[in-house]
Amino acid sequence: MSGDDQRLSRRGSFDEDPDNYQAARPGYPPRVYEVLAECGLRTGARVLEIGPGTGQVTRPLVDAGASVLAVELGGRLAARLLTNLAGHDVTVVEGDFTTVPLPDDTFDLAVCATALAEQGCSGATAGPLRPAGRRAGGVVDGVR
């Protein structure tokens with residue numbers, strides 16, 4: 001199985017058990033959010049989050065005052081994210097980030113935590129970002 005085939009087969013596995021996913025996913029260290037603030041996370045920021053899962057990064061984004069559009073591949077994870085963040089400024093779109101239509105020049109910040117490889121989104125965020133918008137992604141577990 002090629003690397004792309006492995007990535008594609010692994011993508012859907014996260015959606016199988018949202019309870020287990022949520023229990024197993026650790027939070028991120030404070031330094032991650034310091035870096036996001038340096039990249040433009042602030043009150044009123046429009047943030048595109050790719051692969052939010054159940055909201056480990058989403059909640060701190062909205063707690064910082066951002067408005068978040070979260071694109072989640074898995075239907076069960078998307079439903080859990082909606083439940084977890086009911087009443088917050090979060091819009092959840094279920095779908096593959098690489099094919100979901102997004103408006104151009106809309107977001108101040110695009111965030112993709114550990115889903116970067118699975119979502120295949122490393123270079124695909126340029127269109128939705130405003131001209132001065134920033135991308136923050138990669139392996140945020142290691143704060144890269």
Side-chain angles (χ1 to χ4, degrees), residues 1 3-104 106-130 133-144:
M1 185 181 287
D4 282 344
D5 291 337
Q6 287 176 340
R7 178 181 59 82
L8 290 172
S9 70
R10 190 174 49 228
R11 284 173 25 149
S13 67
F14 297 104
D15 194 47
E16 292 173 4
D17 186 352
D19 291 329
N20 186 49
Y21 176 90
Q22 185 163 316
R25 289 291 309 144
Y28 294 97
R31 179 67 182 136
V32 168
Y33 304 103
E34 293 168 8
V35 170
L36 291 176
E38 293 167 12
C39 290
L41 178 60
R42 62 183 175 357
T43 299
R46 296 266 307 135
V47 177
L48 170 63
E49 185 181 10
I50 304 148
T54 58
Q56 286 79 359
V57 172
T58 318
R59 181 172 297 279
L61 295 175
V62 296
D63 287 347
S67 172
V68 177
L69 173 67
V71 180
E72 173 54 53
L73 180 66
R76 291 182 186 105
L77 290 172
R80 175 58 60 83
L81 179 62
L82 281 169
T83 299
N84 287 350
L85 293 168
H88 290 84
D89 192 1
V90 176
T91 301
V92 178
V93 175
E94 180 186 341
D96 184 330
F97 167 73
T98 61
T99 60
V100 168
L102 296 169
D104 285 342
T106 302
F107 300 97
D108 301 300
L109 180 63
V111 175
C112 188
T114 54
L116 190 64
E118 284 77 19
Q119 292 289 333
C121 61
S122 58
T125 56
L129 284 174
R130 291 182 176 158
R134 304 280 305 268
R135 282 182 276 197
V139 184
V140 295
D141 291 311
V143 193
R144 294 183 194 183

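Each residue takes its place number in the sequence, starting with 1. Worth saying up front: this structure is predicted, and the values here are computed from it rather than measured.
When all heavy atoms of Ser67 and Arg46 are compared, the closest pair comes out as OG-NH1, 3.1 Å. Across Val90 and Ala70, no two heavy atoms sit closer than the pair CG1-CB, 4.5 Å. Nearest heavy atoms, Glu94 versus Ala78: CB-CB, 4.3 Å. Among all heavy-atom pairs drawn from Ala66 and Leu41, the shortest one is CB-CD1, 3.8 Å. In plain terms, the two heavy atoms of Val57 and Tyr28 that are nearest each other are CG2-CE1, 3.1 Å. Pairing each heavy atom of Pro60 with each of Gly55, the nearest pair is CD-O, 4.3 Å.
Atom CG in Leu36 sits 6.5 Å away from atom CG in Leu61 (nearest 0.5 Å). To the nearest 0.5 Å, the span separating CZ on Arg25 from CZ on Phe14 amounts to 8.0 Å. Separation of atoms CG (Leu77) and CG (Leu82) is listed at 11.5 Å; rounding is to 0.5 Å. Remark: Glu72 CD to Thr58 OG1 distance equals 9.0 Å, nearest 0.5 Å. Atom OG1 of Thr54 and atom CG of Leu85 lie 9.0 Å apart (nearest 0.5 Å).
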Query raised in the report: For Val93 and Leu69, what are the C-alpha separation, side-chain angles and deciding distance, and is it a side chain to side chain contact (heavy atoms under 4.5 Å, CB included)?
Result: CA-CA 7 Å; Val93 175; Leu69 173 67; 3.6 Å; yes

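For the salt bridge (Lys or Arg N to Asp or Glu O under 4.0 Å) with Arg80, the qualifying choice from Asp17, Asp19, Asp15 is Asp19, the only one to do so. Residue Asn84 forms a side chain to side chain donor-acceptor pair (under 3.5 Å) with just one option from Gln56, Arg59, Gln22, and that option is Gln22.
Looking only at distances, no side-chain donor or acceptor of Thr83 sits under 3.5 Å from a matching main-chain atom of Leu81.
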